Amino acid sequence: MSNHDGSTIAAHPEEAPAAVIVLAAGAGTRMKSRTPKILHPIGGLSMIGHALGAARGVEPRALAVVVRHERDRVADHVLQLDPAAVLVDQDDVPGTGRAVQVALAALDAGGQLSGTVVVTYGDVPLLTPETLRELVAVHQGDGNAVTVLTALLEDPTGYGRIQRHDDGTVVAIVEHKDASPEQRAIREVNSGIYAFDAAVLRDALTRVDTVNAQGEMYLTDVLALARTAGGRVAAVVLADRWQVEGANDRVQLAALGAELNRRIVERWMLAGVSVVDPASTWIDTTVVLDEDVTLLPGTSLHGQTVVARDAVVGPDTSLSDVVIGEGAHVVRTHGSGARIGAGASVGPFTYLRPGTVLGEEGKIGAFYETKNVTIGRGSKLSHLGYAGDAEIGEYTNIGCGNITANYDGVNKHRTVIGSHVRTSSNTVFVAPVSVGDGAYTGAGAVVRKDVPAGSLALSIAPQRNVADWVASKRPDTAAANAAAAAQTPTGTTPSTTTEESTNA
Ligand code: UD1
Ligand code: CA
């Protein structure tokens with residue numbers, strides 16, 4: 001730590017904060033959900049996930065999360081996202097002041113914590129690391145005791161109001177429920193996000209009581225106490241109100257989600273992605289897109305989805321954890337856990353399940369479902385089928401309606417098909433089975449035995465035509481009349497049964 005001499009601070013405006021404390025003990029009952037409020041996702045990440053990301057953005061030496069409501073579920077989730085986070089349990093004393101007090105005690109057993117302590121909330125998902133960094137820079141640069149992030153709202157109802165002197169200096173925060181009508185007319189509100197000097201914060205909190213409209217320990221009382229003790233108290237006014245908005249119910253959650261998405265889509269457009277209809281295009285914060293990707297209307301990209309240059313995705317496509325190679329086309333597809341090679345084509349109406357790997361220039365066409373299948377370069381599964389637990393070589397053509405019968409009712413088995421294979425329509429591969437390179441199958445073949453390289457597999461019974469069956473069994477029907485008209489008037493009518501094989 002450098003000493004807190006003003007000039008030193010100015011030269012090092014962003015000294016790492018000693019800690020960020022994320023408040024997440026509240027109940028969030030207005031969500032009306034069995035899922036704790038801060039675990040609700042927006043932009044592909046829980047609200048607390050966004051908060052942790054912003055907090056880590058200022059590179060604090062410690063990160064504490066204060067929990068109480070649904071403690072175990074919240075704690076598990078936090079540790080999953082951020083194993084280094086310190087979980088702090090709030091006790092029966094209510095209020096944001098108490099939450100910070102218990103966090104300080106947990107981080108700072110010896111009372112020696114010094115430097116900057118940032119406080120933020122678990123339910124303010126649009127707050128960016130840049131905003132927190134700016135707050136810390138101003139706080140340290142100006143040598144403040146407390147710096148609060150504020151915003152000017154059209155409707156400040158419910159928020160704490162920022163009280164300033166005539167000269168503009170911040171004096172105190174008054175909670176809505178404690179405010180006079182004149183104070184309620186103030187439009188500058190407390191975001192609940194602050195940078196504190198650790199010693200000032202620790203000292204002031206020992207003097208915060210619960211004598212107020214809500215009977216809570218208000219963190220907001222620290223501002224007036226710090227000022228009285230001679231510290232500088234200031235505000236950073238944020239023009240972007242979305243960054244200080246929390247989601248208390250699902251209406252607000254959807255509004256924040258739409259705004260977050262609008263920002264993400266805009267960022268990708270400015271980075272070189274064509275988005276035909278931003279309003280119907282949804283992109284998680286975790287998705288990565290290359291320049292010259294095109295997203296058509298109704299496309300949703302989730303999780304660890306990555307799309308390479310010149311690929312075209314959509315319309316009406318939802319993909320989670322799908323990696324798409326350069327120049328590939330993915331049309332009207334629902335997919336997860338799949339890899340699509342460069343120049344490959346998928347869809348329309350295709351269901352890609354986890355473990356699908358399509359090689360370069362390959363194709364999975366209309367009305368196909370795939371799962372746990374590796375398809376080599378240039379191989380095509382063009383229409384109507386299912387391929388699961390299978391491996392297909394290169395430049396193989398799978399005919400219309402082919403199915404890998406991978407499940408025997410108890411176990412799953414693999415189908416292995418070589419390269420340059422040509423399978424005819426409606427082939428069923430009864431796994432475990434393998435088909436060698438360059439082999440063919442006949443239409444409707446049920447392949448139960450391995451097919452050696454270069455062989456033609458036939459399995460259906462020879463076809464038998466029963467002559468004049470219609471005339472004798474369905475006389476005087478339209479079919480019988482049509483058949484009679486088609487037969488030559490002078491021709492003899494064969495009275496015997498003939499057999500003919502179509503597959504030989
Ligand atoms: C608080 C501020 C208010 C500010 C508003 C911004 C106080 C006294 N008031 O009001 O000035 O305008 O936030 O949204 O600080 N929490 C705990 N433990 C508690 C109580 C709350 O961890 O005992 C957490 C909540 O989970 C939430 C955050 O603190 O993340 C804010 O709590 P909330 O009840 O929403 O505070 P407000 O009364 O709205
Ligand atoms: Ca609130």
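We count ligands from 1, going down the list as the structure has it; atoms in each ligand are counted the same way. Only a predicted model underlies this, so the values are computations on that prediction, with no experimental measurement involved.
- Using a 4.5 Å cut-off on side-chain heavy atoms (C-beta onward), Ile392 and Leu381 make contact.
- Heavy-atom contacts of Ser191 reach the following atoms of ligand 1: 6 (C) (cutoff under 4.0 Å).
- Taken from CZ in Arg267 to CZ in Arg262, the straight-line distance is 13.0 Å, to the nearest 0.5 Å.
- Of the candidates Arg68, Glu216, Gln90, the one placing a heavy atom closest to atom 18 (N) of ligand 1 is Gln90.
- Residue-level proximity to ligand 1 for Ala25 is carried by backbone and side chain together, each with a heavy atom below 4.0 angstrom.
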Expected list for residues 81-90: side-chain donor-acceptor pairs under 3.5 angstrom, two or more places apart:
{"unit_1": "Asp82", "atom_1": "OD1", "unit_2": "Arg56", "atom_2": "NH2", "d": "3.0"}
{"unit_1": "Asp82", "atom_1": "OD1", "unit_2": "Ala84", "atom_2": "N", "d": "3.3"}
{"unit_1": "Asp82", "atom_1": "OD1", "unit_2": "Ala85", "atom_2": "N", "d": "3.4"}
{"unit_1": "Asp82", "atom_1": "OD2", "unit_2": "Arg56", "atom_2": "NE", "d": "2.8"}
{"unit_1": "Asp82", "atom_1": "OD2", "unit_2": "Arg56", "atom_2": "NH2", "d": "3.4"}
{"unit_1": "Asp89", "atom_1": "OD1", "unit_2": "Arg71", "atom_2": "NE", "d": "2.7"}
{"unit_1": "Asp89", "atom_1": "OD2", "unit_2": "Arg71", "atom_2": "NE", "d": "3.4"}
{"unit_1": "Asp89", "atom_1": "OD2", "unit_2": "Arg71", "atom_2": "NH2", "d": "3.3"}
{"unit_1": "Gln90", "atom_1": "NE2", "unit_2": "Val93", "atom_2": "O", "d": "3.0"}
{"unit_1": "Gln90", "atom_1": "NE2", "unit_2": "Gly95", "atom_2": "O", "d": "3.3"}

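- Those atoms of ligand 1 with a heavy atom of Gly160 less than 4.0 angstrom away are 3 (C), 4 (C), 11 (O), 12 (O).
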Next on the checklist: Does Asp408 form a salt bridge (charged side-chain N to carboxylate O under 4.0 Å, His left out) with Lys412? I'd like the steps, not just the answer.
Outcome noted: CA-CA 7 Å; Asp408 64 12; Lys412 302 278 173 70; over 6 Å; no
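- Residues that satisfy the ring-ring contact (aromatic ring centres under 6.0 Å, His included) test with Phe349, not counting sequence neighbours, are Phe367.
- Ion pairing of Glu188 with Arg161 is absent here, as no side-chain N (NZ or NE/NH1/NH2) approaches a carboxylate O to less than 4.0 Å.
- For the residue pair Ala54 and Leu127, the shortest heavy atom distance occurs at CB-O, 3.6 Å.
- Contacts with ligand 1 closer than 4.0 Å are made by heavy atoms of both the backbone and the side chain of Leu23.
- With ligand atoms numbered from 1 in the order given, ligand 1 contributes 7 (C), 8 (C), 9 (N), 11 (O), 15 (O) to contacts under 4.0 Å with heavy atoms of Thr220.
- Among all heavy-atom pairs drawn from Val117 and Ala198, the shortest one is CG2-CB, 3.8 Å.
- At least one heavy atom of Ala24 sits less than 4.0 Å from an atom of ligand 1.
- Distances from atom 6 (C) of ligand 1 to the heavy atoms of Asn190, Val67, Val148, Val102 put Asn190 nearest.
- Checking Gly26, Gly95, Ala27 against atom 23 (O) of ligand 1, the nearest heavy atom belongs to Gly95.
- Heavy-atom proximity to atom 3 (C) of ligand 1, evaluated over His69, Glu175, Lys37, is greatest for Glu175.
- In terms of N/O distances under 3.5 Å, ligand 1 is approached by Tyr121.
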